[in-house]
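Lettering of chains follows the sequences in order, A, B, ..., and the numbering in each one begins at 1.
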Amino acid sequence: MSATNQKPAYELLGLKEKEYQGICDAMGREPNYTELAVFSLMWSEHCGYKHSRPLLKNLPTEGERILQGPGENAGIIDIGDNLAIAMKIESHNHPSAIEPFQGAATGIGGIVRDIFAMGARPIANLDPLHFGPLEKSRQKYLLEGVVEGIAAYGNCMGIPTVAGEIHFEDAYEGNCLINVMCVGLVEQDKILRAKAEGPGNLVLLFGSTTGRDGIGGASILASAEFDETAQEKRPTVQVGDPFTEKKLLEACLEMRDKGLLVALQDLGAAGLSSSSSEMASKGGVGIDMDISKVPLREQDMEPFEIMISESQERMLAVVTPELETEALAVCEKWDLDAVIIGKITDTKRMRVFLGDELVADMPVDALVDDAPTYIVEAVRPAHEVDDPLPEDHYRHPTDLNETLTTLLRSPNICDKRWVYEQYDHMVQTNNAIWPGAESAVLRIKGRQSGVALTTDGNGRRCYLDPRRGARAVVAEAARNLSCTGAKPLAVTNCLNFGNPEKGEIYHQFREAVEGMAEACLAFETPVTGGNVSFYNESFGQAVYPNPVVGMMGLVEDVRLVQTPGFKDEGDVVLLLGNARPAADGSEYQLRIHGEVAGRIPDVDLEMEKKLQLLVREAILEGLVKSAHDVSDGGLACCLAESAIDGGHGAVIELASSQASQGAGDQRSGLQADQRPDLLLFGEAPGLIVVTVEEKNLEHFAQLAQDLPAHVIGRVEGDRLVVQAAGVEHINIPVAQAAQAWGTALETLIGDVG
Amino acid sequence: MKAKVYITPKAGILDPQGLTIERSLPALGFEGVSNVRVGKYIELELPDGDAAGEAVDQMCHKLLANPIIEDFEFELVTE
Amino acid sequence: MKAKVYITPKAGILDPQGLTIERSLPALGFEGVSNVRVGKYIELELPDGDAAGEAVDQMCHKLLANPIIEDFEFELVTE
Amino acid sequence: MAISSQTEVTPVRFGVVVFPGSNCDADSHDAVRSFAGADARYLWHKDTDLGGLDCVILPGGFSYGDYLRCGAIARFSPIMNAVQRFADDGGLVIGICNGFQILLEAGMLPGAMHQNEGLKFVCKLVNLRVENNGIPFTTGYERGQVIKVPIAHHEGNYFIDQAGLAEIEANGQVVVRYCDDEGETTEASNPNGSLGNIAGVCNREHNVFGLMPHPERVCEEIVGGTDGRGVFESIINAVGAKAAAR
Ligand SMILES: Nc1ncnc2c1ncn2[C@@H]1O[C@H](COP(=O)(O)OP(=O)(O)O)[C@@H](O)[C@H]1O
Ligand SMILES: [Mg+2]
C-alpha cells in the first residue's frame, strides 16, 4: 500500500496528468475524491472511447431502415409491419479470462439488458468466441467455463442461443475473446430510449442490490486511504443472477406496455455514474441523486463505491411523479428492489447527495462528451506484405483425402454440437433454421417473414491484412445470410484489438474500421452500434486484430429458407463466383503448412453483391435446394459439409473448360489447372455452392445471366468424389468424413463417452 | 480417512441462491431468517497418512472450490 | 443465532457430480480417493430462541432438502 | 388425428401457470392456441383460483432460477394448492420440463430429479417411445410409437427407489421413455442417465402427467416437427369425451 501512496490519485485511477488538468478545467476546481473516481471511469477507454471515437466516425450508420444507430443501448432496424429488431454486440474478454463462467454469464446479462433497455424482448443470443489452442488445459478450462456460463445465463433467461462461432488460435492463448450479441423484437411504437426528460421527473433504480462488484482501479485508491480495511474493500468478481434478470426483463416490458417509462437505461460499465450521466446528457438535463437510498448488499460502502459499482441486474428509469406508484407496483409484483433515488433537473449537472450532504457536483456534458481523444501515429507491421506467397512456396501434400480429413477435424471447422447443445437454442419456438447452418433463421410469429442472424470474425485473415480482412468479414456475414435466402440489412460490431497506444495496433484498428466501412457501404448494411475492446494483450503479445461482425437480415417468406445440406440424389451442384482460392491466411496454410503468412485475396464487393442477390432470388423462387459458402477449409470442406449435413454423397468434376450447361458463360475462378491442393483447400471470399434440381437448371441459368455460375457435379451415392481436370483427388465415404468432422471437438476436449 | 470439505461463497460475493431462498422463506412461515448463503459440502475418502491434509488442500484449490469466488475449509476424520 | 445445514445425497443413491470428481482426480495427481459425495452446505441466521432448532428442522424438511434423495443434518451456533 | 366432434362449441380451456422464472409459458400458450378446439390463458403463481379450467399446464423454464433444487421453491407458490385440489378432483395437469420437476417436488408425481449424468445442460431432439397410450395425454399416439421431441434441461436424470419403480411400472405410470430410432431403450439413447430411460411419468390416477421433453416445441413443421401435437390433441379429445359423457 505504501508504494501506491506516492503516486497522485488520478494516476492510480489510470488518468494522465493532462487529463486530470482537463477535469479540473471542466470542474472549475480540483475534483474531490468521489468526483475523481467518477471522472476516471467516464474518461476511461472503455466508456470514453478515447482511441476509437475519431475512427468510428467513418462507419456508415444511416439507412432507410435504421430507426436507431449508434448512441443508444442498441441499434434498431425497421423490418416492416410496425416491427423492429434491436441488436447489439459486446465483449467480456477480460472478465472471462479471470473467471470464465461468471465472466461469460455476466457478459450475456449485460448485453441482454442493453436490448430490453430499448423496450425489445430478446429473441436470440449469439456468441462469437476465440480461444487459444485446445491442446492446452487452461484453454479447455476457459472453453468449458465460458460455454457453461453462457448456457447458465441465457438458458435461464429463456433466450435461445442460436448462432455464434468458435476459433482456436495461438494468438488468443493469453487473451480469449468472449463476445456476445443479443437480438430483440419490438413494436415500433413501443421502443424505449435512454433520454432523460422533464425536470421534476423521478429517477427509479431497480433490480439487484449494490455491492462492491468490479470496483477496479478505484479500490486501490480506497486501500491507499483506508489501509486497515483494505482487505474487505478488494474488488469482487461479478456474479450473475439470471433469475433476477429474468424478473427485471419482465418488469421492464410490463412497464413499457403500461406506458410508465419516460426513459430506461441499464447499469453497465461504471454503474450508476455512466447510466445516470448518459441519460441526462441525452436529454440535455441535469440529475440529482441521493445515494443513501441505494439498496446496498454490503455495509459501509463509500459514496464513490456506490457510484461506480458494477453490480449486475440493475436498471435506471425516469418516471413521472404521477406514475411513480404504478411503476413501483410493477417492481413489487416481480419481487424486485426498487427505490426513487433522485430527480431530473434543468441544471445539466450531476449532483450526488448522501442524505443532505452534497458529495459530488459535476457538469454532465464534460463527463459524457469531453473525454479526450487520441490519434496515434500508425505503423504498418512488418508481417503485412504486399504480395501473396508464391504458390510453389507450399510443398505438395501427397494424399488429399487425408488433408481433407485433417481439415474437417480442425477445431475451427469441425462440428460445434458440443457447444450449442449446451445452449437452449429452441426456446421461444421460432427456429426455422437450427444451429449448425450458415446462419440462424427465426420466424416471427404471426408473420410470413423471418429474421436471419450471423456473426463472423476471422482474426487470422485480419492479421495478414486488416483492411481486406475486415472487408471479407462483412462479405462473409452477408453471404451467410444470403445463403439462407435473407437480405442483409444491418450490422453491429465488436472490435477486439491490442493496445491502441502502439502504432502497429492503431494501424490495424484504423485499417479494419475503414475496411469494414467500405464493405458496409457496399452491402448497404449500416452499422447500428457496437463495442470496442482494446488492450487484449498479455506479455506484450496482442491477439489477432479481430473485428467481429454481427449481421441481421430479413427473409420475406420463412418457409423458403435454405440450408447447406445436399437434399436429393440427382440434384445438380453449381459453383457460383470467380474468385481464385489461395492458401495465404487459410486454415490449410495453418494446419497443414504450419504458418500464417502472405497476403489474403481481396473481396470483389461488386461481384459479391451480384452473386448474393442471385442466390437470394433463386432461393425465394424456390429454385435452390441447398446453399453453402466456400469458407474455412475451401471448396473441399464446403462440399464435405454439405454432404455430411445432407447425408448424401456427390461426384464433382472440375474441368478446365467448364461445360456451361445453360448456366452463365463467364469463366469460373476455379480453374482445374490450378494446383489441386490450392484449388480444393485454398480460400477466397466470393464463392458459393448451390444445388438445383435438374429441371430448374435452365430457369436458374436465366436468373444467373452472365454471372459466373458453373455446373460442377451431381448429388449422388454415399461418397464424396472430387476430380479436377480428369484426375481424382478426393474419394471418401461421407460417413467417414462425418465421423472425422462430428467427433473432433469432443475428442479434443476429452469429453467422450 | 475421510475428509469433509465446506465451500462457501466469498464474503461480498453475490449469492443469488441464498438470496432467493431467503426471500421465499417468509411465505413458508419462517420469519426473520437472514444471511442465507449456499455453498457445497463434499465428503471423500482418501488414504491415511501425513500427506492427506496437504492433498485435500490441493484438491480444493485445483478442483473442488473456485478460489476466485469461493472460500473453503476442511477437516479430516479418522474413522 | 446461526444455523449450519449439511445436505448429503442419501447413501446408495447415485451422485453424478461426486462420480465425475472422483474420476477426474487421478488426472490431477490425486490417487486413491474414493466415495466422493457432493452435497450442500447452507448457512443462515435466525432469531435466538428455543424454537430455533425446530424451525431449522422444519425448513430442511419442507424446503432445503429433498427427502427422496437427500439426508440432512444441522447445528446451531450462538455467536 | 381427428378431433372428436364436440357437442358444445366451448373450446377446451387450458391455463398456463407463470412462475417467476418460467420461460416456456408463452410457447405452451401459443402451442395450445394453434389447435382449433382449444383456448389458453395465463395464471399467475400467486393466484389461488383456477376459475373453470379443463387442463393446467406447468410450463418449462427456471422457476426461481432453479436455485436450491429445480422446482423446490415454486412448489410452495399459492397456486399450487389450487392445482393440487384441481388434480384431486380429476382435473388434467401436465408439467413440462421444469413443470415436471415442480410436480415431483410437490409430491404430485413419484420420484425425484438428479443432475444429468453428463453434468451439462442438454438441448437436442430425442426419440421417445410411447409406453402407455391409454392416459388422457397420449391417446393420440400408438402404443410403442417413436416420436421426436426436443429436450432442454440440466436436471432430467429421473430417479425413484426400487419399490417405487416396481409400482409405477406395474400401474402403467411410465408414459414415455428415451429410445433410439428403432424404439430400443439403449444406454446411448438415454440423454441424461434417467433410470430405465424414463422421460415422463403420470400419477396413479393418470390425470397428472410430467415429462422432461417439450411437446410444445414440436407443434409446427416450420420449427422442426409436429410430433408434439398428439399430446395436446389427446388432452382436447379427453376433455371433449368427458363433456360428451356428461
Ligand atoms: N465498434 C463500434 N461501432 C459502432 N458503434 C459503436 C462501436 N463501439 C461502440 N459503439 C457505440 O458507442 C455507444 C457506447 O457504447 P457502450 O459504452 O459500449 O454502450 P453500453 O454501455 O450501452 O454497452 C453505443 O451506442 C455503441 O453502439
Ligand atoms: Mg447499455
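- Look at D/Glu220 and A/Arg443 and you find a salt bridge, because one of the NZ, NE, NH1 or NH2 atoms lies within 4.0 Å of a carboxylate O, short of that distance.
- Ion pairing of A/Glu144 with A/Lys140 is absent here, as no side-chain N (NZ or NE/NH1/NH2) approaches a carboxylate O to less than 4.0 Å.
- Atom CZ of A/Arg559 has 12 or fewer heavy atoms from other residues, nucleotides or ligands within 6.0 Å.
- Interface with chain A: from residues 15-25 of chain D, residues D/Pro20, D/Gly21, D/Ser22, D/Asn23, D/Cys24 qualify, criterion being any non-hydrogen pair under 4.5 Å.
- For A/Val147, no part lies under 4.5 angstrom from a heavy atom of chain D.
- Neither the backbone nor the side chain of A/Asp335 has a heavy atom closer than 4.5 Å to any heavy atom of chain D.
- Looking at D/Glu221, neither its backbone nor its side chain comes within 4.5 Å of chain A, counting heavy atoms on both sides.
- Interface summary for chain D: among A/Ile159, A/Asp241, A/Asn430, A/Val558, the most heavy-atom pairs under 4.5 angstrom belong to A/Asp241.
- D/Asp66 does not touch chain A: none of its heavy atoms, backbone or side chain, sits under 4.5 Å away.
- At a 4.5 Å heavy-atom cutoff, the contact between A/Lys333 and chain D is made by backbone and side-chain atoms alike.
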I would like to know whether D/Gln101 and D/Asn98 meet side-chain hydrogen bond (donor to acceptor under 3.5 Å, both in side chains); could you show each step before the answer? CA-CA 5 Å; D/Gln101 293 162 340; D/Asn98 195 230; 2.9 Å; yes
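- A cation-pi contact, defined as under 6.0 Å to the ring centre and within 45° of the axis, links D/Arg229 to D/Phe35.
- A/Asp424 touches chain D through backbone and side chain together, each having a heavy atom under 4.5 Å away.
- Of the two parts of A/Glu148, only the side chain, counted from C-beta on, holds a non-hydrogen atom closer than 4.5 Å to a non-hydrogen atom of chain D.
- For D/Glu117, the CD atom counts as loosely surrounded, since its 6.0 Å shell holds 12 or fewer non-hydrogen atoms of other residues, nucleotides or ligands.
- D/Cys123 places none of its side-chain heavy atoms less than 4.5 Å from the side chain of A/Tyr423.
- For A/Asp213 and A/Arg297, the salt-bridge test passes: some basic side-chain N is under 4.0 Å from an acidic carboxylate O.
- Using a 4.0 Å cut-off between a side-chain N of Lys or Arg and a carboxylate O of Asp or Glu, A/Glu326 and A/Lys258 do not qualify as a salt bridge.
- Residue contact with chain A, scored on non-hydrogen atoms closer than 4.5 Å, involves the backbone and the side chain of D/Tyr64 alike.
- Heavy-atom pairs under 4.5 Å with chain A peak, among D/Glu216, D/Arg217, D/Lys46, at D/Arg217.
- A/Lys247 and A/Glu313 are not joined by a salt bridge, as no carboxylate oxygen comes within less than 4.0 angstrom of a charged side-chain nitrogen.
- Ring centroid separation for the pair D/His29 and D/Tyr42 comes in under the 6.0 Å cut-off.
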